[in-house]
Amino acid sequence: MPGDPNCPICGGIGYLRRDLPVDHPEFGKIVSCTCRSEAITQSARTRLFRMSSLEALKNLRFENFEKRGRVGLGKLQADSLEHAYNQAYHFAQNRNGWLLMVGRYGCGKTHLAAAIANHAIESGTQALFLTVPDLLDWLRYAYSGAEMSFEERFEEIRETPLLILDDFGTQNATAWAQEKIYQIMNHRYVNQLPTVVTSNLPVNEFEGRIRSRLQDPNLVTVVKILAPDYRNPADDTGHPELSTLGLHGRQTFGNFSLRQNEKLPSQDLKDLKRAFETAREYAEHPRGWLLLTGSYGCGKTHLAAAIGNYQAGMGFPPLMVSVPDLLDHLRSTFNPNSTVSLDRRFEEIRTARLLILDDLGTHSATPWAREKLYQLFNYRYNAELPTVITTSSTADELDPRLYSRMQDERLCKVIVIPVPAFHG
């Protein structure tokens, strides 16, 4: 790349040797003339833009981001989205430290990350926006005799003024890939270079060395977006692969029948009303365990689903699953084609912020199933995590280890619904 033909320093050549003492380490070294600096910067900016995915994302800007999401979001969901917008906009203005945005697919992470990149480029700052798999592909491509050597490309990625890594955690976790990602992240961490990371995985699932850096509060601002998928707002369960709450979307407290027009014993009607009021109070402030027991069709599942739907509307979608389905989800991880391990699936279930277990006692009582349920119950019991359980089984039909925990009055409130099946 030639220099300015009118440059008085290099005479238009674009290169020069500085006048240095013979013992100087850079004596005789050819360097670029200052007249080429703008051209070099523009070339690097063009190359980074070509590497990025921003041509397809150029319309994703702060101006067209819906700060509070679609109409109908719960307050906490909308608040989390607006908070993420404010943090991203602040980062775009200052570009200091790191910004980590986590949330479900389609919640707005990529839009905000692309808005940061577009804002930076329009401000004259070089920015590289890549999904992590694409980043690794660019590095591999350098091995094939591309315009830049692997070392040059790797250094350019590490040193780019603003690096944005989208969908972190989706990359192929080979030893080579893990090491390259770590080297990039560690270099930017040590030098505190502005970096944005988005992921749909919780931080505790990242590789240990990277996780420790992303949890540094002195450098990293962590933003959690609670909003559902913008493209599929109906899927508001929080656990789309596991939860059946979406199938119970019509079961709310508003349409639960107290059956006052039926010829039922007055005490049974009082007990039903008490179950309704207890469930509604629990939905507002889920603490401890709630056990709903009674015959088939008495309203247990309706009340459990109403609790889940109420919490989802508040921005905290729970995990609702029948016990037989839960065990099937765990068994499916043994399939060689499964994309998730048993440990990860089990951890997702047992640590759910609010877990609703429907139809306890209807599952196959194999030793493996009994052990998994015991591990699940024991973990949530010791951690005192909010849990709703429905069952039609008697004490004699349940695993004694589970029953003993459900009888702890300090943690669990037992509600008996004595009415017969409801036929509408």
Side-chain angles (χ1 to χ4, degrees), residues 104 169 173 200-208 211 237-245 247-248 282 286-293 300-301 304-305 307-308 311 316-415:
R104 297 171 55 190
N200 67 298
L201 297 178
V203 178
N204 60 13
E205 291 196 20
F206 294 156
E207 194 267 338
R211 180 175 66 244
T237 64
H239 305 268
E241 296 181 5
L242 303 175
S243 186
T244 58
L245 184 59
L247 301 177
H248 300 277
Y282 186 91
R287 293 188 181 92
W289 290 17
L290 181 65
L291 173 62
L292 300 170
T293 181
K300 307 184 303 297
T301 297
I307 293 172
Q311 278 288 298
F316 294 113
L319 168 54
M320 179 175 180
V321 62
S322 70
V323 174
D325 286 346
L326 181 150
L327 294 170
D328 282 346
H329 284 303
L330 294 180
R331 293 187 187 100
S332 68
T333 63
F334 296 129
N335 188 317
N337 297 322
S338 174
T339 59
V340 62
S341 67
L342 172 64
D343 290 342
R344 177 179 167 188
R345 179 66 80 215
F346 190 63
E347 184 70 9
E348 182 179 8
I349 294 169
R350 74 173 186 168
T351 59
R353 191 195 66 85
L354 172 58
L355 178 63
I356 302 175
L357 290 175
D358 196 26
D359 282 344
L360 176 66
T362 61
H363 54 279
S364 174
T366 64
W368 179 86
R370 287 199 300 268
E371 194 59 30
K372 283 296 150 192
L373 282 177
Y374 168 69
Q375 291 173 357
L376 173 63
F377 270 64
N378 193 53
Y379 180 90
R380 297 188 69 85
Y381 175 81
N382 290 325
E384 299 187 1
L385 292 175
T387 307
V388 177
I389 304 162
T390 78
T391 184
S392 301
S393 300
T394 63
D396 294 338
E397 296 171 327
L398 294 171
D399 185 329
R401 298 176 298 176
L402 308 187
Y403 184 73
S404 67
R405 284 156 178 75
M406 292 187 289
Q407 291 301 302
D408 184 349
E409 295 181 358
R410 176 188 61 86
L411 177 68
C412 184
K413 180 174 289 187
V414 179
I415 300 297

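We number each residue from 1, following the sequence as shown. All of these numbers come straight from a predicted model, not from anything done at the bench.
Here the OG1-CG distance, from Thr301 to Asp358, works out to 3.5 Å after rounding to the nearest 0.5 Å. In this structure, CG in Leu291 is found 5.5 Å from CE in Met406, a value given to the nearest 0.5 Å. Distance OG1/Thr391 to CG/Leu357: 10.5 Å, rounded to 0.5 Å. The structure places OH of Tyr282 at 10.0 Å from CG of Leu292, a figure rounded to the nearest 0.5 Å. Here the CG-CG distance, from Leu398 to Leu373, works out to 10.5 Å after rounding to the nearest 0.5 Å. Rounding to the nearest 0.5 angstrom, the gap separating the CD atom in Glu397 from the OH atom in Tyr403 is 11.5 Å.
Here the closest heavy-atom approach between residue Tyr381 and residue Asp408 is recorded as OH-OD2, 2.6 Å. Between Pro318 and Ser243, the shortest heavy-atom contact is O-OG, 3.9 Å. Shortest non-hydrogen contact noted between Arg370 and Arg401 is O-NH2, 3.7 Å. Contact detail for Ser338 and Ser332: the closest heavy-atom pair is CB-O, 3.7 Å. In plain terms, the two heavy atoms of Gly361 and Ser393 that are nearest each other are CA-OG, 3.5 Å. Leu385 and Arg350 get closest at one heavy-atom pair: CD1-O, 3.5 Å.
Sequence neighbours left out, the pairs with a member in residues 318-330 that pass salt bridge (charged side-chain N to carboxylate O under 4.0 Å, His left out) are Asp328-Arg331.
Side-chain N/O atoms of Asp359 and Ser322 include no donor and acceptor closer than 3.5 Å.
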Full working for side-chain contact (heavy atoms from CB on, under 4.5 Å) between Leu326 and Leu376: CA-CA 11 Å; Leu326 181 150; Leu376 173 63; 4.0 Å; yes

Leu290 and Ile307: side-chain contact (heavy atoms from CB on, under 4.5 Å), yes or no, with the steps? CA-CA 11 Å; Leu290 181 65; Ile307 293 172; 3.8 Å; yes

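Here the side chain of Arg405 pairs no donor or acceptor atom with the backbone of Cys412 at under 3.5 angstrom.
Put simply, the side chain of Leu319 reaches to within 4.5 Å of the side chain of Leu242, judged on heavy atoms. In this structure the side chain of Lys372 never reaches within 4.5 angstrom of the side chain of Ile349, judged on heavy atoms. Side-chain contact between Phe377 and Asp399 is absent, with no heavy atoms from C-beta onward closer than 4.5 Å.
Between Glu348 and Arg345 there is a salt bridge, with a side-chain nitrogen of the basic residue lying less than 4.0 Å from a carboxylate oxygen of the acidic one.
When each of Leu247, Ile356, Leu355, Leu354 is tested with Met320 by the rule side-chain contact (heavy atoms from CB on, under 4.5 Å), just one qualifies, namely Ile356.
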